[in-house]
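Remember, predicted model here, so these are calculated numbers, not experimental data.
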Amino acid sequence: MAWNNQSVITEFILQGLSSSWELQMVYFLFFSLVYAATVLGNLLIVLTIISEPRLHSPMYFLLGNLSFIDMSLASFATAKMITDFFREPKVISFEGCIIQIFFLHLLGGVEIVLLISMSFDRYVAICKPLRYLTIMNRRMCLGFVTPSWIVGIFHAMSQLAFTVNLPFCGPNEVDSFFCDLPLVIKLACVDTYVLRVFMISTSGMIAQVCFILLVISYSVILVTVRQCSSGGSSKALSTCSAHFTVVTLFFGPCIFIYVWPFTNFPIDKVLSAFYTIFTPLLNPVIYTLRNKDVKDSMRKLSSCVLKSRKTDHSP
């Protein structure tokens, strides 16, 4: 993939979330706290799942991978956005812009496949409980995670295959806090109509189709849940509703942004911040921190760490 695309422009200027200095300081404090909570929360979940043997099950294996993806998704642009609050202008190199686009679509593609995998896991657990461990074995779990990365890589490469060779000769201002594909290709010096249609047919339509499949999947699960006992139904309903909430929060902004890339809406920045910053924070809360087994394992891990520290400091 050659980055020498004969462009006059070698860097882009990110307009950020606001031009007001006072608002930028408020955003700096707020997003610093959100980013720290996102990284620490997801990292704690990953470490808890790895260290606790009773969490070595298919569901928690997929949740651990999701937390790792969320931690990465929150980091690819948020860290730079936080430092950019003290910079004017907010400059990013052409190569840095391409890297941001690549990781956005890589991690987004991986997360889409993981969310589908998790819906299948819940379907098997609720609709075929006696065969759950037989179906969701180690090979099946690896068969979900490995293709998710392959799909993410191919999706990201397909989005950049034509973009990196577009000529950029001005203007160079990106109306966001990171380089997003719909905003960058519109700055090219050539007609990008065909490329934007291709982007709709890949990113937008893929997101829509996957969201519809997930809705159907959870609908089947909920129909099955109605035939269960009241206690089991309540627990399954709570789990499925939590999972579907995450799916909606992730796919909603993606579909809105990538199905209508020809027009910029004022809410686009809010939606971009939502699925790159807030959703990775909400995922651990909705998926795992509500889970009794995970909370008990976290307390156990914390007590072990505290005991080891006391032992190290004892004379």
Side-chain angles (χ1 to χ4, degrees), residues 42 44-71 107-155 206 209-248 250-251 283-301:
N42 283 291
L44 180 59
I45 289 169
V46 172
L47 294 176
T48 301
I49 291 174
I50 291 174
S51 62
E52 180 54 55
R54 68 172 174 167
L55 297 183
H56 293 174
S57 66
M59 181 181 73
Y60 295 112
F61 175 76
L62 295 175
L63 286 175
N65 279 274
L66 180 66
S67 290
F68 175 77
I69 295 300
D70 283 335
M71 190 165 47
L107 298 171
V110 174
E111 181 146 344
I112 285 175
V113 179
L114 274 178
L115 289 173
I116 294 174
S117 303
M118 293 172 71
S119 73
F120 179 77
D121 173 78
R122 290 301 85 202
Y123 168 79
V124 175
I126 294 172
C127 300
K128 302 179 184 294
L130 298 179
R131 299 180 57 198
Y132 177 72
L133 293 179
T134 303
I135 297 174
M136 294 300 297
N137 52 38
R138 181 181 294 271
R139 179 178 295 180
M140 178 65 76
C141 292
L142 292 176
F144 280 134
V145 174
T146 303
S148 69
W149 283 97
I150 295 174
V151 168
I153 291 172
F154 273 99
H155 173 64
I206 287 174
V209 170
C210 291
F211 180 69
I212 292 172
L213 290 175
L214 286 167
V215 170
I216 294 173
S217 174
Y218 282 112
S219 298
V220 172
I221 293 174
L222 291 176
V223 169
T224 305
V225 163
R226 293 185 62 183
Q227 303 172 1
C228 299
S229 62
S230 58
S233 297
S234 176
K235 183 177 180 180
L237 182 62
S238 175
T239 301
C240 289
S241 61
H243 286 207
F244 189 71
T245 300
V246 172
V247 167
T248 304
F250 179 78
F251 279 96
N283 279 357
V285 176
I286 294 175
Y287 269 112
T288 50
L289 298 183
R290 297 170 66 251
N291 186 293
K292 183 178 182 299
D293 291 337
V294 174
K295 288 190 289 187
D296 290 342
S297 298
M298 284 183 175
R299 293 190 191 100
K300 181 179 176 181
L301 179 63

- prompt: What pairs meet the ring pair (Phe, Tyr, Trp, His ring centres under 6.0 Å) rule with one or both residues in residues 110-142, with sequence neighbours excluded?
  reply: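 For residues 110-142: F120-F144.
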How many angstroms lie between atom [atom1] of [X] and atom [atom2] of [Y], to the nearest 0.5 angstrom?
X: L44; Y: M71; atom1: CG; atom2: CE; value: 11.0 Å
X: S57; Y: D121; atom1: OG; atom2: CG; value: 8.0 Å
X: I49; Y: F68; atom1: CD1; atom2: CZ; value: 13.5 Å
X: M136; Y: M59; atom1: CE; atom2: CE; value: 10.5 Å

Can you check whether [Y]'s main-chain N or O pairs, donor with acceptor, with [X]'s side chain at less than 3.5 Å?
X: S217; Y: L213; value: no
X: S51; Y: T48; value: yes
X: N65; Y: F61; value: yes

message: Can you list everything that forms a side-chain contact (heavy atoms from CB on, under 4.5 Å) with I153? Sequence neighbours excluded, please.
response: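 Only L106, M157 meet the side-chain contact (heavy atoms from CB on, under 4.5 Å) criterion with I153.
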task: Test side-chain contact (heavy atoms from CB on, under 4.5 Å) on M118 and L66 and set out the steps.
output: CA-CA 9 Å; M118 293 172 71; L66 180 66; 3.9 Å; yes
Mind listing the closest non-hydrogen atom pair of [X] and [Y] along with its distance?
X: V110; Y: S148; answer: CG2-O, 3.3 Å
X: K128; Y: I135; answer: CD-CD1, 4.2 Å
X: W149; Y: L107; answer: CH2-CD2, 4.4 Å
X: H56; Y: I50; answer: NE2-O, 3.0 Å
X: C210; Y: I112; answer: SG-CG2, 3.6 Å

field: pair I45-L63: side-chain heavy atoms closer than 4.5 Å
entry: no
- request: Would you indicate whether the side-chain heavy atoms of V145 and L62 approach each other to under 4.5 Å?
  value: yes
